[in-house]
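First up is the structure itself, then whatever we jot down about it.
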2 protein chains.
Amino acid sequence: MSDQSKIPQATAKRLPLYYRFINNLHIQGKLRVSSKELSDAVKVDSATIRRDFSYFGALGKKGYGYNVEYLLEFFRKTLDQDESTPVALIGVGNLGTAFLNYNFMKNNNTKIEMAFDADAGKVGTEVGGVPIYHIDQLEDKLHDVGAAILTVPLSEAQTITERLIDSGVTGILNFTPARITVPEGVRVHHIDLAVELQSLIYFMKHYPLDNEDDAEEE
Amino acid sequence: MSDQSKIPQATAKRLPLYYRFINNLHIQGKLRVSSKELSDAVKVDSATIRRDFSYFGALGKKGYGYNVEYLLEFFRKTLDQDESTPVALIGVGNLGTAFLNYNFMKNNNTKIEMAFDADAGKVGTEVGGVPIYHIDQLEDKLHDVGAAILTVPLSEAQTITERLIDSGVTGILNFTPARITVPEGVRVHHIDLAVELQSLIYFMKHYPLDNEDDAEEE
DNA sequence: TAATGTTTGTTAAACAATTCACGACATTAA
DNA sequence: TTAATGTCGTGAATTGTTTAACAAACATTA
Ligand SMILES: NC(=O)c1ccc[n+]([C@@H]2O[C@H](COP(=O)([O-])OP(=O)(O)OC[C@H]3O[C@@H](n4cnc5c(N)ncnc54)[C@H](O)[C@@H]3O)[C@@H](O)[C@H]2O)c1
Ligand SMILES: NC(=O)c1ccc[n+]([C@@H]2O[C@H](COP(=O)([O-])OP(=O)(O)OC[C@H]3O[C@@H](n4cnc5c(N)ncnc54)[C@H](O)[C@@H]3O)[C@@H](O)[C@H]2O)c1
């Protein structure tokens, strides 16, 4: 745990978002940006942005704003972008295939290195340049993979989770509706798409005037 | 806005999750459940569950727990109105196709009624039983559709958003990395998968001992 | 150089959500 | 009936997050 451990979780969740937009500004050739401009772009209150940035010290200059280049460099270092973390995907079905085809590298450095499935027809092929191995080979192939994306059927979720953890995985992005059980020290983020849709509709009906956003919700 | 408008947003986001698990218990034939049991299943603190339920009055019985049948009936009524909300999906690509193939009806009630794409090759076909229309027909076909799932390329996101809103859509589940701009009264939930992955990795590196979950979050 | 405008970093207050802890009551077993 | 146990609902305490407001710092202009 580093010196950044006192940073609020709400702030930590926004960091990748900031990073991407600052990167966009850099590509567009912008040299400076104010918290107000950034606020319009990412839809986060400007005071919240200043507060978030201030946890890392004084990144900006009063009366000027933030230097895009400097900010970008800072975020790159902070988010450990230089060292890309290998990720595995389990379950190359509808959702898994979509993720493999999508190039997560485009705007950031995380990349799916390998995928696993139980379907012999899929094993040995590649999807989006990622090799697909048989799930039986999980323990053999998973080296230095710290994070996994879980897109298997609900019924397999807990079993696969345990095998992943035994193989050294400490972070799981879980797209199954199962609320999986993991030991201390393993981080799980649930993205439950059915819940997201229902929750959106609930908010539409019951909080019609507000205008909050979310998900990664979470 | 109903009498439920004072319910905390954090609570509202958990309702569909509770609903699904209570439904599972009912199917399993369980007659009663305690906040503790439910807590183990959904990974939400039992005090939080009791507090959440208590916003709706006294649903349980002291010394006994909650009656599964009663709870289920209650949640169905509370979330029932949502069943009737038709949803449209825009952009039948990798992600859009996965969503259409997935039967959102399985464990819940919301359903995608129609889809739109700009690709003439896709128009006229069906995916997962959902008809695909050309995006030019958006204004013609979108009747009584209140919510939309947005899975178009980044560059199209804002334009399509404006057309959706002009056609009466008041809720958008946005999977593009664009932070779209909408007028007051329109609800947007962003699910930014690249951010979710980066954020998971950030938490793994910087908060290695905790065990919080998320996404949707809201 | 002085005057003016801009924007940060931070304080304090407001707001929101979670968790503790306990009284009240239900159930069960003896 | 009584005692032991289990469980809810909730006030109070705690923890976490957002926002408003503003002095100080700097930029810009004349
Ligand atoms: N597709 C969606 O839009 C969507 C939406 C919400 C939730 N989900 C959830 O995401 C998960 C995946 O959904 P999907 O639509 O891609 O399902 P899918 O059936 O298309 O894909 C599941 C894949 O997992 C593979 N698999 C099965 N058992 C396995 C095992 N033991 N080890 C490794 N691989 C195994 C299957 O061969 C298949 O390729 C499910 O849990 C589903 O509930 C999907
Ligand atoms: N696939 C993923 O895993 C993933 C992950 C993160 C984010 N996303 C985001 O989700 C969105 C969709 O991703 P994808 O991988 O499905 O992309 P995709 O290119 O496979 O699909 C986009 C679809 O939108 C259609 N389209 C293009 N212009 C349109 C218009 N004006 N009106 C209607 N339809 C139009 C295209 O014909 C295509 O079918 C993108 O914004 C992407 O950044 C995808």
Side-chain angles (χ1 to χ4, degrees), chain A residues 4-15 17-18 22 25 30-68 70-71 74 199 203 206-207 210-214 216-218, chain B residues 4-15 17-18 22 25 30-68 70-71 74 199 203 206-207 210-214 216-218:
Chain A
Q4 285 161 18
S5 37
K6 59 277 282 294
I7 287 167
Q9 304 217 354
T11 296
K13 287 220 200 102
R14 288 188 288 262
L15 298 182
L17 185 65
Y18 295 147
I22 292 159
L25 292 174
K30 278 211 97 187
L31 298 179
R32 62 146 129 167
V33 65
S34 68
S35 58
K36 184 63 180 54
E37 280 177 280
L38 211 44
S39 169
D40 291 341
V42 301
K43 315 288 181 206
V44 171
D45 188 273
S46 66
T48 302
I49 292 177
R50 291 200 299 281
R51 159 65 104 228
D52 283 347
F53 286 7
S54 78
Y55 288 114
F56 298 96
L59 300 180
K61 274 165 84 173
K62 297 181 181 185
Y64 175 91
Y66 300 89
N67 179 292
V68 171
Y70 179 81
L71 214 50
F74 174 80
S199 144
F203 276 97
H206 298 275
Y207 303 73
D210 299 9
N211 200 344
E212 270 336 280
D213 20 273
D214 255 83
E216 61 267 20
E217 128 299 25
E218 216 65 29
Chain B
Q4 282 160 21
S5 37
K6 57 278 279 299
I7 287 166
Q9 305 216 354
T11 296
K13 286 218 200 108
R14 286 187 290 262
L15 297 182
L17 186 64
Y18 295 147
I22 292 160
L25 292 174
K30 280 211 95 188
L31 297 179
R32 62 149 129 168
V33 65
S34 70
S35 58
K36 183 65 179 53
E37 279 177 282
L38 212 42
S39 169
D40 291 342
V42 301
K43 316 290 182 205
V44 171
D45 188 273
S46 65
T48 301
I49 292 177
R50 291 200 300 282
R51 166 76 77 222
D52 283 348
F53 286 7
S54 79
Y55 289 115
F56 299 96
L59 300 180
K61 274 165 84 174
K62 295 177 181 183
Y64 175 90
Y66 300 90
N67 178 292
V68 170
Y70 179 80
L71 215 49
F74 174 80
S199 146
F203 276 97
H206 297 276
Y207 302 73
D210 298 9
N211 201 342
E212 266 343 276
D213 22 273
D214 255 271
E216 75 258 18
E217 117 200 255
E218 109 219 27

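Lettering of chains follows the sequences in order, A, B, ..., and the numbering in each one begins at 1.
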Measure [atom1]/[X] against [atom2]/[N] and give the value in whole Å, please.
| X | N | atom1 | atom2 | value |
| --- | --- | --- | --- | --- |
| A:E37 | C:dT7 | CD | C1' | 11 Å |
| B:Y70 | D:dC8 | OH | P | 15 Å |
| A:N67 | C:dT7 | CG | P | 15 Å |
| A:K6 | D:dT15 | NZ | C1' | 17 Å |
| A:R50 | D:dT18 | CZ | C1' | 12 Å |
| A:L71 | C:dT8 | CG | P | 11 Å |
| A:Y55 | C:dT11 | OH | P | 11 Å |
| A:D52 | C:dT8 | CG | P | 13 Å |

Partner residues of B:K62 under the salt bridge (charged side-chain N to carboxylate O under 4.0 Å, His left out) criterion, sequence neighbours left out:
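Partners of B:K62 under the salt bridge (charged side-chain N to carboxylate O under 4.0 Å, His left out) test: none.
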What's the closest nucleotide to the side chain of [X] if the choices are [options]?
| X | options | answer |
| --- | --- | --- |
| A:R14 | C:dT19, D:dC8, D:dT18 | D:dT18 |
| B:Q9 | C:dT8, C:dA17, D:dT10 | C:dA17 |
| B:P8 | C:dA17, D:dT19, C:dT8 | C:dA17 |
| A:D45 | D:dT19, C:dT8, C:dT19 | D:dT19 |

Please state whether the phosphate of D:dT18, meaning OP1 or OP2, lies under 4.0 angstrom from any side-chain nitrogen or oxygen of A:T48.
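So the side chain of A:T48 is outside the cut-off, no N or O lying under 4.0 Å from OP1 or OP2 of D:dT18.
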Are OP1 or OP2 of C:dA26 and a side-chain N or O of B:R32 less than 4.0 angstrom apart?
no
Say whether, by atom type as modelled, one donor and one acceptor occur between the side chain of B:R50 and the main chain of B:S35 under 3.5 angstrom.
no
Would you give the length of the straight line joining atom OH of B:Y18 to atom OH of B:Y66, rounded to the nearest 0.5 angstrom?
9.5 Å
So CG of B:L25 and CG of B:L38: to nearest 0.5 Å the spacing works out to 6.5 Å
Who passes side-chain hydrogen bond (donor to acceptor under 3.5 Å, both in side chains) against A:S34, sequence neighbours left out?
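Counting only residues at least two positions away or on another chain, A:S34 forms no side-chain hydrogen bond (donor to acceptor under 3.5 Å, both in side chains).
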Under the rule for side-chain hydrogen bond (donor to acceptor under 3.5 Å, both in side chains), what residues qualify as partners of A:K30, not counting sequence neighbours?
A:E37
Could you work out, with side chain to side chain contact (heavy atoms under 4.5 Å, CB included) as the rule, every residue matching A:T48, not counting sequence neighbours?
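Partners of A:T48 by the side chain to side chain contact (heavy atoms under 4.5 Å, CB included) criterion, ordered by chain and then number, come out as A:R14, A:V44, A:D45, A:D52.
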Strictly under 3.5 Å: I want the nitrogen or oxygen pairs between protein and nucleotides 2-4 of chain C, one per line.
none

4.5 Å side-chain heavy-atom contact, [X] and [Y]:
| X | Y | answer |
| --- | --- | --- |
| B:F53 | B:L71 | yes |
| A:F203 | B:K13 | yes |
| B:R32 | B:Y64 | yes |

Just to be sure I understand the geometry, which residues of residues 57-66 of chain B put a non-hydrogen atom under 4.0 Å away from DNA chain D?
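Contacts with DNA chain D under 4.0 Å: B:A58, B:L59, B:G60, B:K61, B:K62, B:G63, B:Y64, B:G65, B:Y66.
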Looking at every strand, decide which applies to A:S35 at a 4.0 Å heavy-atom threshold: base, sugar-phosphate, or nothing.
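Counting heavy atoms under 4.0 Å across all strands, the contact made by A:S35 is with sugar-phosphate only.
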Look at the side chain of B:R51 and the base of C:dT19, then say whether one donor and one acceptor between them are separated by less than 3.5 Å.
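Pair found.
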